[in-house]
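Just so you know, ligand 1 is whichever comes first in the structure, and atom 1 is the first atom listed for that ligand.
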Amino acid sequence: MPVERTTEFRAEELYKYYKVYETIGSGGFAKVKLGRHILTGEKVAIKIINKEDLGDDLSRVKLEIEAMKNLSHQHICRLYQVIETSTQIFMVLEHCPGGDLFDYIIAKARLSEEETRVFFRQIVSAMAYVHSQGYAHRDLKPENILIDEDHNLKLIDFGLCAKPKGGLGYELMTCCGTPAYVAPELIQDRAYIGSEADVWSMGVLLFALLCGHLPFDDDNCVVLYRKITRGKYDNPHWLSPGSVLLLNQMMQVDPKRRVTVRQLLDHPWVMKDHNSPVEWYSRQPLGHIDEDCITEMAVNMKRSRESTTALVREWRYDHTTATYLLLLSKKQRGKPVRLCPQP
Ligand SMILES: COc1cc(O)cc(Nc2ccc(C(=O)Nc3ccc4c(c3)C[NH2+]CC4)cc2)c1
């Protein structure tokens, strides 16, 4: 039997609910295809993972999926549905047509302080929320930040995130992340606090946005690690004194001297021209049930509102979860809360 039919047979669950179009991204053990949810008409991104290619990375994917189920925030790419077959895992994700921040910085060479501040406030908002849920991202970099259709940032790829059992203040040991963004304490293989290591990576990210290149860079890994552990870097002449100071406070080699995410929320550099602290609370808290979406689903599924609410509240990340979350997304973007009844 030709491979396509076999593949299609195993993925029938996907094609029942989604139109699947071209590949829009690929890397590592996954590729991402553009899709459309048939019932709401909403565009989605479908991350397709072949289990055979994973090996022991399967635990990373499972970790990311569990983390995504617990993270619902305006600056984190939303997980809508997970479909697992014997050979593949499909993650149906929020559509972010602006591509990633890495390509955006390359295209603009570097960003103005004003544009950087708007983006950086969104990153601080996302990270304050992630930490408040007891997670550390541990792989923050421009490639893991997408731009949505409203030019807002969305954090992705929680494949390396950690949720230490003893809470975020609990020390971690596993070394991970992308070298140029990794904090010195991880390089020295010392016990570290995930939130402190994330602040270092945010500092490297802020430098990349403002400067268009990395503070610590070298083709030779050993030389790069030495530069990071020394923590010395050159500030380009165009940086304002306020930017130089904030970068210095974030890229402190001693994690105990480093500014915290909480301090970033109302840091003078972050507040400039905005005059208000960063809003980090989720605008779509988990567990919130929207009555309009329930009503539309109940009518479409010919069920009572009570049984529809009970079904949604199970948060199985199946087609019911996807339909509810995509209806909610339509409502939040001012579109009619309507399902397209199927023939
Ligand atoms: C939790 O969210 C995740 C987690 C993860 O591990 C990976 C992703 N990856 C995504 C990658 C791309 C997109 C996406 O929507 N990309 C996209 C969509 C449309 C277009 C483009 C990119 C670029 N050309 C224009 C059209 C969404 C998630 C998320």
Trainee: Just checking H75 against Y129, ring centres under 6.0 Å apart?
Mentor: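 For H75 and Y129, the ring centres are not under 6.0 Å apart.
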
Trainee: Under a plain distance cut-off of 3.5 Å, with no hydrogens placed, do Y192 and R138 share a side-chain donor-acceptor pair?
Mentor: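 R138 vs Y192: donor-acceptor pair found between side chains.
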
Trainee: Test of understanding: given a 4.0 Å heavy-atom threshold, classify the contact between C77 and ligand 1 as side chain, backbone, both, or neither.
Mentor: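 For C77, backbone and side-chain atoms both sit under 4.0 Å from ligand 1.
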
Trainee: Ring centres of Y17 and H37 under 6.0 Å apart?
Mentor: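 No, the ring centres sit 6.0 Å or more apart.
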
Trainee: Should L79 be listed as contacting ligand 1, given a heavy-atom distance under 4.0 Å as the test?
Mentor: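 Per 4.0 Å heavy-atom rule, L79 does not contact ligand 1.
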
Trainee: Using a strict threshold of under 4.0 Å (side-chain N to carboxylate O), is an ion pair present between E94 and K43?
Mentor: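 Answer for the salt bridge query: no.
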
Trainee: So which protein heavy atom does atom 9 (N) of ligand 1 come closest to, and at what separation?
Mentor: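 Looking only at protein heavy atoms, the one closest to atom 9 (N) of ligand 1 is I156 CD1, 3.9 Å.
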
Trainee: Has E94 got any heavy atom lying under 4.0 angstrom from an atom of ligand 1?
Mentor: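 E94: in contact with ligand 1 (<4.0 Å).
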
Trainee: Tell me which protein heavy atom sits closest to atom 20 (C) of ligand 1, plus the residue, atom name and distance to 0.1 Å.
Mentor: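 Ranked first by proximity to atom 20 (C) of ligand 1 is P97 CA, 3.6 Å.
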
Trainee: Could you check whether R338 pairs with E296 (Lys NZ or Arg NE/NH1/NH2 to Asp/Glu carboxylate O, under 4.0 Å)?
Mentor: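 Result for this pair is yes, salt bridge flagged.
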
Trainee: Just need the protein heavy atom nearest to atom 27 (C) of ligand 1, so name the residue and atom and give the distance.
Mentor: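 For atom 27 (C) of ligand 1, the nearest protein heavy atom comes out as A45 CB, 3.3 Å.
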
Trainee: For ligand 1, which atoms have a heavy atom of L34 less than 4.0 angstrom away?
Mentor: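 Selected atoms, number and element: 19 (C).
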
Trainee: Nearest to atom 6 (O) of ligand 1, what protein heavy atom do you find, and at what distance?
Mentor: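 Going by distance alone, atom 6 (O) of ligand 1 is nearest to K47 NZ, 2.4 Å.
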
Trainee: Taking the minimum heavy-atom distance to atom 28 (C) of ligand 1, which of V92, D103, I46, L146 ranks first?
Mentor: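 Heavy atom nearest to atom 28 (C) of ligand 1 belongs to L146.
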
Trainee: Once you measure the plane-to-plane angle for F119 and H151, does it fall in the parallel (<30°), tilted (30-60°) or perpendicular (>60°) bin?
Mentor: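 Plane angle between 30° and 60°, so tilted.
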
Trainee: Once you restrict to heavy atoms under 4.0 Å, what part of M68 touches ligand 1? Side chain, backbone, both or neither.
Mentor: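 The part of M68 near ligand 1 is the side chain, not the backbone.
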
Trainee: Just go through C96, G25, G98 and tell me whose heavy atom is the nearest to atom 22 (C) of ligand 1.
Mentor: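 Residue with the shortest heavy-atom distance to the ligand atom: C96.
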
Trainee: What do you reckon, does E64 have a nitrogen or oxygen under 3.5 Å from a nitrogen or oxygen of ligand 1?
Mentor: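 Indeed, backbone or side chain, E64 has an N or O that close.
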
Trainee: Is ligand 1 under 4.0 Å from a heavy atom in the side chain of I76, in the backbone, in both, or in neither?
Mentor: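 For I76, there is no contact with ligand 1 at all, from either part.
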
Trainee: Mind checking whether F216 and W200 have ring centres under 6.0 Å apart?
Mentor: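 Yes: the rings meet the under 6.0 Å criterion.
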
Trainee: Less than 6.0 angstrom separating the ring centers of Y317 and Y80, yes or no?
Mentor: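 Here the rings of Y80 and Y317 have centres that are no less than 6.0 Å from each other.
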
Trainee: Does the pair E185/K256 count as a salt bridge with the N-to-O cut at 4.0 Å?
Mentor: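 No, E185 and K256 are not salt-bridged.
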
Trainee: Is it the side chain, the backbone, both or neither of L93 that has a heavy atom closer than 4.0 Å to ligand 1?
Mentor: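 Near ligand 1, L93 shows its side chain, while the N, CA, C and O stay back.
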
Trainee: Within ligand 1, which atoms have a heavy atom of H95 less than 4.0 Å away?
Mentor: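 Near H95, the atoms of ligand 1 are 15 (O), 18 (C), 19 (C).
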
Trainee: Looking only at protein heavy atoms, which one is nearest to atom 18 (C) of ligand 1, and how far off is it?
Mentor: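 Protein heavy atom with the smallest distance to atom 18 (C) of ligand 1: I24 CD1, 3.4 Å.
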
Trainee: State plainly whether the residues E115 and K108 are in salt-bridge range, i.e. N to O under 4.0 Å.
Mentor: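 Yes, this pair counts.
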
